[in-house]
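Since the structure comes first, as structure tokens, the remarks are kept for the end.
Since this is a predicted model, take the numbers as computed values, not measurements. By convention in this document, chain letters (A, B, ...) are assigned in the order of the sequence lines, proteins followed by strands, and residues within each chain are numbered from 1. Just the heavy atoms: all of them, side chains too, but no hydrogens, waters or symmetry mates, feed the values below.
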Amino acid sequence: MDKVYDHKHVESKWYSFWENGGLFSPKSGRKYFSIILPPPNANGRLHIGHAMYVIEDIMIRYHRLLGDSTLWLPGADHAGILTQVVYERELEKKGQSRHHLGREEFFKQTYQFTQENKKQMYAQLRAMGFSLDWSREKFTLDTEISKAVYQTFKLLYDDGLIYQGNRMINWCPRCTTVLSDLEVSHTDKTSSLWYIKYPLKDSTDFVVVATTRPETMLGDAAVAVNPNDTRYKALVGKTAVLPLLNRDIPIIADSFVDQEFGTGAVKITPAHDPNDYEIGERHSLPKIQVIGMDDKMTKEAGKYVSADKYATRKQVLADLESQGLVERVERHRYNIGVCERCDTIIEPQISKQWFVAMNKTGKSGKTLAKDALKAVKSGKIKIIPERFEKIYYNWMGNLHDWCISRQIWWGHQIPVWYKEDEVYVGIEPPKGPGWFQDTDTLDTWFSSGQWPFTTLGWGQKDDSDFEKFYPTSVMETGYDILFFWVARMIMLGLYVTNDVPFKTVYLHGLVRDERGQKMSKSKNNVIDPLNVAGKYGADAVRMALVFGTGPGNDTNLGESKIRGMRNFTNKLWNVGRFIIDMKPEKIKPHPKKTKEDEEILEKLKRIKKLVTHGIENYHFGIVAEMLYNFIWHDFADKYVEHSKPRREDSQPILEEVFEEYLRLLHPFMPFITEDLWQRLPNKSGQSIMVSGWPKRN
RNA sequence: GGGCAUUUAGCUCAGUGGCAGAGCGCCUCGUUCACAUCGAGGAGGUCGUAGGUUCAAAUCCUACAAUGCCCACCA
């Protein structure tokens, strides 16, 4: 054995040994234990955050050692809008656009692109030592998965829970698609609040309204005041004249209006503001669309037609100014919605889209949000750390309907076909001529929201995996996608399978750099998992990610911590070298035990109990620390030193303690533990992976 | 506007009722003797502030402060 541990000689060798030996596939066992890997987006490489999958591998390897029938199923996500944006950028570099290619060719190329990324990503997962069952690998656009997704759409549609509606939605003018509420991020912005005079009809008086978006006034349908506002009592029911367009608009009373804000009178633009839309509905106001889907003014905007909306803002203000209708301008801080994927400012628009009803009860008697809320409240699903349950309740209790259609090309095309007035919803296209399919695509989270049961073959002829492994045991993922993904999986899982998709949700934190900053290429603080695993070993990276971290808390990871864990692997290696390579020639079989012998055996017993209890209760950070301290300080520093003058006596205990310890450490550091374990007497050729979890006694 | 979290050694963080911990860094000493990617020893903290509960508080409660994050349709 070399004096220094070299992971390069060890890691790929053992991974092939495990994989070729079929050790990642479930064997029959006393219980079922399953985790579905959160599918990474197939539009690039994995980053260090994905290496947090190590927590799943720890659970999986632990349960496999326990003798459970254990499945960890890998896959990848086509990631709708994001992948389309990424691939469009690729095309841009070549001076092309998706419109040059056309829908079919664009889809084909993007598919190819994701398949190449998948290969790279899977190589990265292998390099980290993840014991995934590759024979069951899935992609969200696989034929069988797509069929199941369509089946769910049809179920919801037939149940009255999916509907098409003309409603106010979030429109991204750059992506030219609608977005769900969740895909809109909000950022603070300082801008101006313009006070504009609207002349009263047949009067020389004015009513002054305040607005942050003067260009939308072209679509105004009313001026609203609070019914209790004494200042404006006399004006309600009168008519104002919209400047620039000289259109008559009513002055109405609505309790939504805040008397304290601005002048207490507000312009109402039902077609471009969610609140105004609501007020418009209550007062049957016309919805005048003045901003088109391309962010240019429509013909409703009169002389401003075809102009960009930001240019129009300037022009409108200049025109109002020239007529003396701008009373004053204030500085104003407010919140603006931007596209989560491309940062473009969202334009509220009215548009016909597909929605999933969150709070309506279907003919089946099921109600998506309520049922999903109940599953957690009743304890059928447990969220760790617990504080996220409160956040979940709060979100689940205040849901708007979920818009699931997207005007993009990449993804599952909506399974709805039209012919004249007929609508057909199904899994296969309808027979006969004249049908055309809805051109929209499903929200990517609609398909990933079904991942736990679609991957297990729900509804297929051979659904044995579903029978055995569903509900899955644990869903381990980042807290940042609790709403996007976890909540949707709970809703759709319960709806389709009548059972929860998983029993426990374990949420990990974000991986940040050494000083707690978010990793980004521009800050040059990104850690590439493959790079760093190549340098220090996958075992060291794995250990660094879990060592001393708690669930749901962000983890700060710098190279120094990984280096520290690399030193630990070397320490472990040398303990092994001492026991295995420098074995005494004569060994006494049954020596009298010294005080130190008794002590180390007692400590081993204790740590077995603590490690088992710790893993069962998801305290991975503490367990990692205990394992670290045991071998380094209790075993190497004290016991190994003590054993030196009496090797013939102590060798059996050294071997016994070391052997059991390797099995305890194996879920955390699979490569080095396998390598050392196989060097122990009578172990060669077997795998530590299936050697059984140490008994507690 | 609502909610959540964090605040512990120079740095990064564990620790949730019982004598203050780890990694990295720092200081001193030590390379025949498993390991210098090491060993032995050491310096360094009134556990954000102020109250309270308790035999006992970093840990539970209350208030405050700082920082971060999430959610939200006030023009």
Writing each nucleotide of RNA chain B 5' to 3' as (, ), [, ], | or . by Watson-Crick or G-U pairing under 3.5 Å yields ((((((((.[[[[.)..(..]]]].(((((.......))))).....[[[[[..)....]]]]])))))))....
Taken to the nearest whole Å, NZ/Lys561(A) to P/rG25(B) is 15 Å
Note: contacts of residues 283-290 of chain A with RNA chain B (heavy atom, under 4.0 Å) are none
Rounded to whole angstrom, note down the C1' distance from rC33(B) over to rG39(B). 12 Å
Closest to the side chain of Asn567(A), out of rU37(B), rC4(B), rA14(B), is rU37(B)
CG of Asn398(A) to CE of Met358(A), rounded to nearest 0.5 Å, is 13.5 Å
Among rA75(B), rA14(B), rC35(B), the one nearest any side-chain atom of His332(A) is rA75(B)
query: Aromatic ring centroids of Phe620(A) and Tyr506(A) under 6.0 Å?
result: yes
So Asn629(A), base contact, sugar-phosphate only, or nothing? Heavy-atom distance under 4.0 Å.
nothing
Against the side chain of Ser560(A), the closest entry in rC24(B), rA14(B), rG39(B) is rC24(B)
### Message
Measuring to OP1 and OP2 of rA34(B), would you say a side-chain N or O of Lys644(A) lies under 4.0 angstrom away?
### Response
yes
From CD1 of Ile391(A) across to C1' of rC71(B) the rounded distance in Å is 9 Å
Query raised in the report: So what does Tyr479(A) hit on the nucleic acid, given a heavy-atom distance under 4.0 Å: a base, only sugar-phosphate, or nothing?
Result: nothing
Considering only heavy side-chain atoms of Asn335(A), the closest of rC35(B), rA72(B), rU37(B) is rA72(B)
Give the C-alpha distance, both sets of side-chain angles, the deciding distance and a yes or no for salt bridge (charged side-chain N to carboxylate O under 4.0 Å, His left out) between Glu215(A) and Lys314(A).
-> CA-CA 8 Å; Glu215(A) 73 280 9; Lys314(A) 282 189 192 139; over 6 Å; no
To the nearest angstrom, the OH-P distance between Tyr277(A) and rC74(B) comes to 18 Å
**Prompt:** Touch check for Glu260(A), heavy atoms < 4.0 angstrom, all strands: base, sugar-phosphate only, or nothing?
**Reply:** nothing
Quick note, Asp637(A) side chain, CB onward, closest among rA14(B), rA40(B), rC71(B) is rA40(B)
**Q.** Sugar-phosphate, base or nothing in reach of Asn398(A), heavy atoms under 4.0 Å
**A.** nothing
Which of rA75(B), rA72(B), rC35(B) is nearest the side chain of Glu641(A)? It is rC35(B)
To the nearest angstrom, the CD1-P distance between Ile631(A) and rA22(B) comes to 18 Å
Practice task
For Phe388(A), report the nucleic acid contact type (base, sugar-phosphate, nothing); a contact means any heavy atom under 4.0 Å.
Solution key: nothing
Taking only the P atom of each, what is the distance from rG45(B) to rU8(B) in whole angstrom? 15 Å
rG10(B) to rA43(B) separation - C1' atoms, rounded to the nearest Å = 12 Å
### Query
Are Tyr195(A) and Glu330(A) linked by a side-chain donor-acceptor pair shorter than 3.5 Å?
yes
Between NZ of Lys638(A) and P of rG41(B) the distance, given in whole Å, is 9 Å
Sidechain-backbone polar pair: His272(A) side chain, Gln349(A) backbone, donor-acceptor under 3.5 Å: no
For the backbone of Leu285(A) and the side chain of His283(A), can you confirm whether one donor and one acceptor N or O come within less than 3.5 Å of each other?
no
Check your understanding: Can you tell me how far C1' in rG68(B) sits from the matching atom in rG41(B), rounded to whole Å?
Key -> 40 Å
query: Can a side chain N or O of Asn553(A) be found less than 4.0 Å away from OP1 or OP2 on rC69(B)?
result: no
Only residue of Trp402(A), Tyr479(A), Trp445(A) satisfying ring pair (Phe, Tyr, Trp, His ring centres under 6.0 Å) with Phe484(A) is Trp445(A)
- Task: Classify the nucleic acid contact of Lys267(A) as base, sugar-phosphate or nothing, counting any heavy atom under 4.0 Å across all strands shown.
- Result: nothing
Before you tell me yes or no, could you show the steps for Tyr232(A) and Asn226(A) under side chain to side chain donor-acceptor pair (under 3.5 Å), namely the whole-Å CA-CA distance, both residues' side-chain angles and the distance that decides it to 0.1 Å?
CA-CA 8 Å; Tyr232(A) 296 116; Asn226(A) 192 291; over 6 Å; no
Which whole number of Å gives the distance between the P atom of rC60(B) and that of rC35(B)?
-> 46 Å
His400(A) NE2 to rC71(B) C1', in whole Å, measures 11 Å
Original post:
Hey, does Arg566(A) reach any base, or is it just sugar-phosphate, or nothing, if we go heavy atoms under 4.0 Å?
Top reply: base
- Determine whether the aromatic ring centres of Phe568(A) and Tyr628(A) lie less than 6.0 Å apart. yes
Picking from rC35(B), rA75(B), rA5(B), the nucleotide nearest the side-chain atoms of Phe261(A) would be rA75(B)
Exercise. How far does the C1' atom of rG48(B) sit from the matching atom of rA9(B), given to the nearest Å?
Worked result: 16 Å
Distance check, P atoms only: rC61(B) and rU7(B), in whole angstrom units.
15 Å
Picking from rA5(B), rG39(B), rA75(B), the nucleotide nearest the side-chain atoms of Trp632(A) would be rG39(B)
ask   = Hey, does Val257(A) reach any base, or is it just sugar-phosphate, or nothing, if we go heavy atoms under 4.0 Å?
value = base
Would you say the side chains of Asp675(A) and Trp573(A) form a donor-acceptor pair under 3.5 Å? no
Look at all strands and tell whether Tyr5(A) reaches a base, only sugar-phosphate, or nothing, counting heavy atoms closer than 4.0 Å. nothing
* On a whole-Å scale, what distance lies between the P atoms belonging to rC38(B) and rG23(B)? -> 11 Å
Per nearest nucleotide of RNA chain B, the residue lying toward the 5' end, Asp273(A) or Val575(A), is Val575(A)
Asp220(A) and Thr269(A): side chain donor to acceptor below 3.5 Å: yes
Tyr393(A) atom OH is separated from rC70(B) atom C1', nearest whole Å, by 18 Å
Inset, instruction - Report which part of the nucleic acid Ala636(A) touches: base, sugar-phosphate, or nothing (heavy-atom distance under 4.0 Å, all strands). - result: base
Phe578(A) CZ to rC33(B) C1', in whole Å, measures 10 Å
RNA chain B nearest-nucleotide lookup for His633(A) and Ala210(A): closer to the 5′ end is His633(A)
**Item:** hbond_proxy Lys3(A) side chain to rC35(B) base (donor-acceptor, 3.5 Å cutoff)
**Value:** no
**Asked** Asp258(A) near the nucleic acid: base, sugar-phosphate alone, or nothing, with a heavy-atom cut-off under 4.0 Å?
**Response** base
Original post:
Hey, does the side chain of Arg542(A) reach the backbone of Gly537(A) with a donor-acceptor pair shorter than 3.5 angstrom?
Top reply: no
Taking the six-membered ring where the residue is Trp, are the ring centres of Phe635(A) and His642(A) under 6.0 Å apart?
no
